[in-house]
Amino acid sequence: MNKNTLPIAVIDSGVGGISVLRELIDIMPRENYIYFGDSKNAPYGSKSKSEVLDITRQNLKALQDKGIKALVVACNTATSAAVRILREEHPELVIVGIEPAIKPPAIELDNPTVLVMATPLTLREEKFLKLVERYRDRENVIALPCPRLAELIEGGDLDSGEIEDYIAHLLAPYKEQKIDALVLGCTHYPHVKDKIARHLPPSVKIYDGGQGTARHTKRLLEAAGKLNDGVKRGTVEILNSSADARYIELSKKLLLR
């Protein structure tokens with residue numbers, strides 16, 4: 001068997017990581033993918049670091065039993081809690097995490113003020129704090145915890161008034177501040193990017209980490225000699241830990257948006 005045709009597993013606390021899967025497919029359309037949404041255990045952002053690590057370990061074990069060549073942790077919270085340890089435990093796998101896109105505005109803009117929307121756990125983690133410190137001289141970062149937003153998006157009604165009201169409430173205190181860039185620090189948030197943008201001046205540039213994660217995944221697979229060199233478009237299998245079929249349907253819908 002050609003191990004290069006084994007799938008890339010993409011995992012998230014629910015449907016959020018579909019935004020990263022879209023970027024991966026765009027950059028590597030010939031790869032096969034398994035997407036695993038852990039909606040049963042969502043949200044991750046309100047759990048402890050040890051809980052998220054244990055859950056992510058269990059999910060990886062289940063995916064390894066199916067046969068995979070790489071793991072993309074398409075969740076900022078799980079990346080912070082688990083990726084470093086999983087790499088040590090599984091050197092045979094290409095393992096890629098995601099992080100808030102703090103670097104791009106620091107490079108592209110002139111000393112910007114950057115608002116970062118993320119889960120409370122992501123914003124508390126050492127990984128995020130070190131990232132902010134690294135670019136401290138090039139940008140001013142304001143952290144905005146969004147404890148319920150991923151959960152609301154996970155509910156599936158992206159046009160609900162509740163999501164619109166919650167976003168308006170979150171961003172209201174920053175309407176009078178000069179914000180140059182906004183970072184979507186949770187993979188769920190790009191699914192409501194248009195709604196978020198409506199509450200910001202048009203001059204605010206919005207970033208997320210999905211495309212950078214996809215590019216990095218391709219580089220690592222290429223370096224490891226694991227890219228699928230087939231000529232056909234790859235397959236996508238979508239799984240979810242919840243018995244509720246609506247999460248599979250929502251994942252498929254978001255993939256086509």
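Predicted model, so just to flag it, every value in this text is computed and none were measured.
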For Asn32, which of Val236, Leu6, Thr235, Ile68 qualifies under side-chain contact (heavy atoms from CB on, under 4.5 Å)? Thr235

Using side-chain contact (heavy atoms from CB on, under 4.5 Å) as the criterion, point out the one residue from Pro100, Pro145, Cys146 that pairs with Thr122.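 For Thr122, the side-chain contact (heavy atoms from CB on, under 4.5 Å) check succeeds only for Pro100.
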
Scan the side chains in residues 91-99 for donor-acceptor partners under 3.5 Å anywhere in the protein, sequence neighbours excluded, and list what turns up.
| from | atom 1 | to | atom 2 | distance (Å) |
| --- | --- | --- | --- | --- |
| Glu92 | OE2 | Gln64 | NE2 | 3.1 |
| Glu92 | OE2 | His90 | ND1 | 3.4 |

Kindly give the heavy-atom pair with the smallest separation between Gly210 and Val20, and that separation in Å.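 Closest heavy-atom pair between Gly210 and Val20: CA-CG2, 4.2 Å.
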
If you look at every heavy atom in Ile167 and Leu149, which pair is closest and at what distance?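 So the minimum-distance heavy-atom pair works out to CG1-CD1, 4.1 Å.
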
[X] bridged to [Y] by N-O distance under 4.0 Å:
X	Y	answer
Lys195	Asp159	yes
Glu125	Lys49	yes
Glu23	Arg215	no
Asp26	Arg22	no
Glu133	Arg136	yes
Lys69	Glu31	yes

Indicate, with yes or no, if [Y] and [X] share a hydrophobic cluster defined by side-chain heavy-atom contacts under 4.5 Å among Ile, Leu, Val, Met, Phe, Trp and Tyr.
X	Y	result
Ile248	Leu21	yes
Ile11	Ile85	no
Leu239	Tyr35	no

Are Thr77 and Thr119 close enough that a side-chain donor and a side-chain acceptor fall under 3.5 Å? yes

Who pairs with His191 by side-chain hydrogen bond (donor to acceptor under 3.5 Å, both in side chains), at least two apart in sequence or on another chain? none

Apply salt bridge (charged side-chain N to carboxylate O under 4.0 Å, His left out) to Asp54 and list each qualifying residue two or more places apart in sequence or on a separate chain. Arg57

Residues which pass salt bridge (charged side-chain N to carboxylate O under 4.0 Å, His left out) with Glu88, listed by chain and number, not counting sequence neighbours: Arg84

Report, as yes or no, whether the 6.0 Å neighbourhood of atom CD on Gln177 holds more than 12 heavy atoms from other residues, nucleotides or ligands.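 Counting neighbours around CD of Gln177, more than 12 heavy atoms of other residues, nucleotides or ligands fall under 6.0 Å, so yes.
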
In this structure, are over 12 heavy atoms from other groups packed under 6.0 Å from Lys103 atom NZ?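 No, the 6.0 Å shell around NZ holds no more than 12 heavy atoms from other groups.
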
Derivation of the salt bridge (charged side-chain N to carboxylate O under 4.0 Å, His left out) call for Arg148 and Glu154: CA-CA 10 Å; Arg148 291 182 56 235; Glu154 194 74 16; over 6 Å; no

Who else is in Val231's hydrophobic cluster (ILVMFWY, side-chain heavy atoms under 4.5 Å, direct or via others)? none

Who else is in Val114's hydrophobic cluster (ILVMFWY, side-chain heavy atoms under 4.5 Å, direct or via others)?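 Val114 shares its hydrophobic cluster with Ile102, Leu109, Val116, Leu123, Phe128, Leu129, Leu131, Val132, Tyr135, Val141, Val183, Tyr207.
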
Thr79 side chain to Val73 main-chain N or O, any donor-acceptor pair under 3.5 Å?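 Yes, Thr79 side chain to Val73 backbone: donor-acceptor pair under 3.5 Å.
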
Using only atom types and a distance under 3.5 Å, with no angle test, would you say the side chain of Glu151 pairs donor to acceptor with the backbone of Ala42?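 Checking the backbone N and O of Ala42 against the side chain of Glu151, no donor-acceptor pair under 3.5 Å is found.
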
Going through the distances and angles, do Asp38 and Tyr44 end up as a side-chain hydrogen bond (donor to acceptor under 3.5 Å, both in side chains)? CA-CA 9 Å; Asp38 191 15; Tyr44 283 6; 2.6 Å; yes

